[in-house]
Amino acid sequence: MDRFDSLILDALQGNARLTAEALAPLVGLSPDACRKRLARLRASGVIEAEIAILRPERIGRGLILIVEVTLQNERMADLDRFKARMQAAPEVMQCYYVTGNADFFLILSARDMADYEDFTRRYFFAEDNVLRFRTSAVMDRVKTGFAMPVATDG
């Protein structure tokens, strides 16, 4: 990855809808060169996904929760089962298997507390392997997104 790739990636993190024509003057390459680089970055997996970030309250899911989950057993089959359940749960926006006091951190959305309580009954209380969970409700979305610094080679 060179400086041009870094510039392209940095621009796309701000707006994934930028075309090669729009990227060209931003990075100092021709649109055709940008198109080729974009294709390579996508094919190599450097660009993992291009997504739309929705405003939760505008779609009726204004309650965002951060949940620490601790499992009773951490056998591979138990971990894999929990991971699969979280991947399949539409309420779960992000799920991280972590080190430390908890086993997983979840970021999820709910319509309201009753909706979240229903989620806990289905995914935590009904799961024998969930030892405990601790929930924090988000009061303000100070910064959201997936953008990260892109290293350049010089």
Side-chain angles (χ1 to χ4, degrees), residues 1 5-20 22-23 26-27 34-35 37-153:
M1 190 166 77
D5 288 341
S6 296
L7 291 169
I8 289 170
L9 294 171
D10 192 49
L12 286 179
Q13 287 187 104
N15 180 358
R17 297 177 70 184
L18 289 174
T19 63
L23 282 168
L26 297 175
V27 302
C34 287
R35 235 182 316 284
R37 285 173 179 269
L38 280 169
R40 183 178 41 77
L41 290 165
R42 288 175 176 131
S44 69
V46 171
I47 297 175
E48 186 174 336
E50 295 171 68
I51 62 169
I53 298 175
L54 308 180
R55 190 174 300 262
E57 64 275 6
R58 296 242 176 119
I59 60 167
R61 302 201 62 84
L63 182 59
I64 305 297
L65 304 135
I66 301 169
V67 185
E68 297 176 46
V69 179
T70 303
L71 300 182
Q72 182 78 33
N73 298 302
E74 292 185 67
R75 294 181 297 248
M76 289 308 295
D78 295 320
L79 290 170
D80 289 345
R81 187 175 72 248
F82 187 81
K83 288 176 184 179
R85 292 195 73 211
M86 293 303 99
Q87 287 173 339
E91 300 89 346
V92 176
M93 299 161 54
Q94 296 176 48
C95 176
Y96 298 97
Y97 177 44
V98 297
T99 62
N101 293 330
D103 296 312
F104 290 89
F105 275 94
L106 312 176
I107 299 175
L108 58 99
S109 70
R111 289 186 302 276
D112 51 31
M113 273 304 212
D115 188 36
Y116 177 59
E117 182 182 8
D118 182 57
F119 176 88
T120 64
R121 289 176 187 272
R122 286 181 286 126
Y123 291 98
F124 301 152
F125 291 115
E127 174 60 56
D128 292 337
N129 197 35
V130 173
L131 177 64
R132 69 180 159 271
F133 63 96
R134 189 169 77 180
T135 305
S136 297
V138 172
M139 293 173 46
D140 185 15
R141 293 179 353 151
V142 177
K143 181 178 181 180
T144 60
F146 292 96
M148 59 183 75
V150 182
T152 61
D153 62 351

With sequence neighbours excluded, tell me which residues meet ring-ring contact (aromatic ring centres under 6.0 Å, His included) with Phe104. Phe82, Tyr97
Can you find a pair of side-chain heavy atoms, one from [X] and one from [Y], that are under 4.5 Å apart?
{"X": "Met93", "Y": "Arg61", "value": "no"}
{"X": "Ile107", "Y": "Leu65", "value": "no"}
{"X": "Phe119", "Y": "Val92", "value": "yes"}
{"X": "Thr120", "Y": "Thr135", "value": "no"}

Identify the two heavy atoms, one from Asp10 and one from Val150, that lie closest to each other, and give their separation to 0.1 Å. N-CG2, 4.2 Å
Taking every non-hydrogen atom, the tightest pair across Val69 and Leu106: CG2-CD1, 3.9 Å
With sequence neighbours excluded, what pairs up with Asp5 under the salt bridge (charged side-chain N to carboxylate O under 4.0 Å, His left out) test? Arg37, Arg40
My understanding is that only residues two or more places apart in sequence, or in another chain, count here; which of them pass salt bridge (charged side-chain N to carboxylate O under 4.0 Å, His left out) with Glu74? none
Which donor-acceptor pairs under 3.5 Å do the side chains of residues 46-58 make with protein atoms, sequence neighbours left out?
from  : atom 1 : to    : atom 2 : distance (Å)
Glu50 : OE1    : Arg42 : NH2    : 3.1
Glu50 : OE2    : Arg42 : NE     : 2.7
Glu50 : OE2    : Arg42 : NH2    : 3.4

Might you confirm whether atom CG of Asn15 has over 12 heavy atoms from other residues, nucleotides or ligands at distances under 6.0 Å? yes
Geometric class of the Phe133/Phe124 ring pair [parallel <30°, tilted 30-60°, perpendicular >60°]: tilted
Run the side chain to side chain donor-acceptor pair (under 3.5 Å) test against Glu127 and tell me which residues pass, sequence neighbours left out. Arg81, Arg85
Partners of Gln13 by side chain to side chain donor-acceptor pair (under 3.5 Å), sequence neighbours excluded? none
State whether the side chain of Asp112 and the backbone N or O of Ala114 hold a donor-acceptor pair below 3.5 Å, judged by distance alone. yes
Between Asp103 (side chain) and Leu71 (backbone), is there a donor-acceptor pair under 3.5 Å? yes
From CE (Met76) to NZ (Lys83), nearest 0.5 Å: 5.5 Å
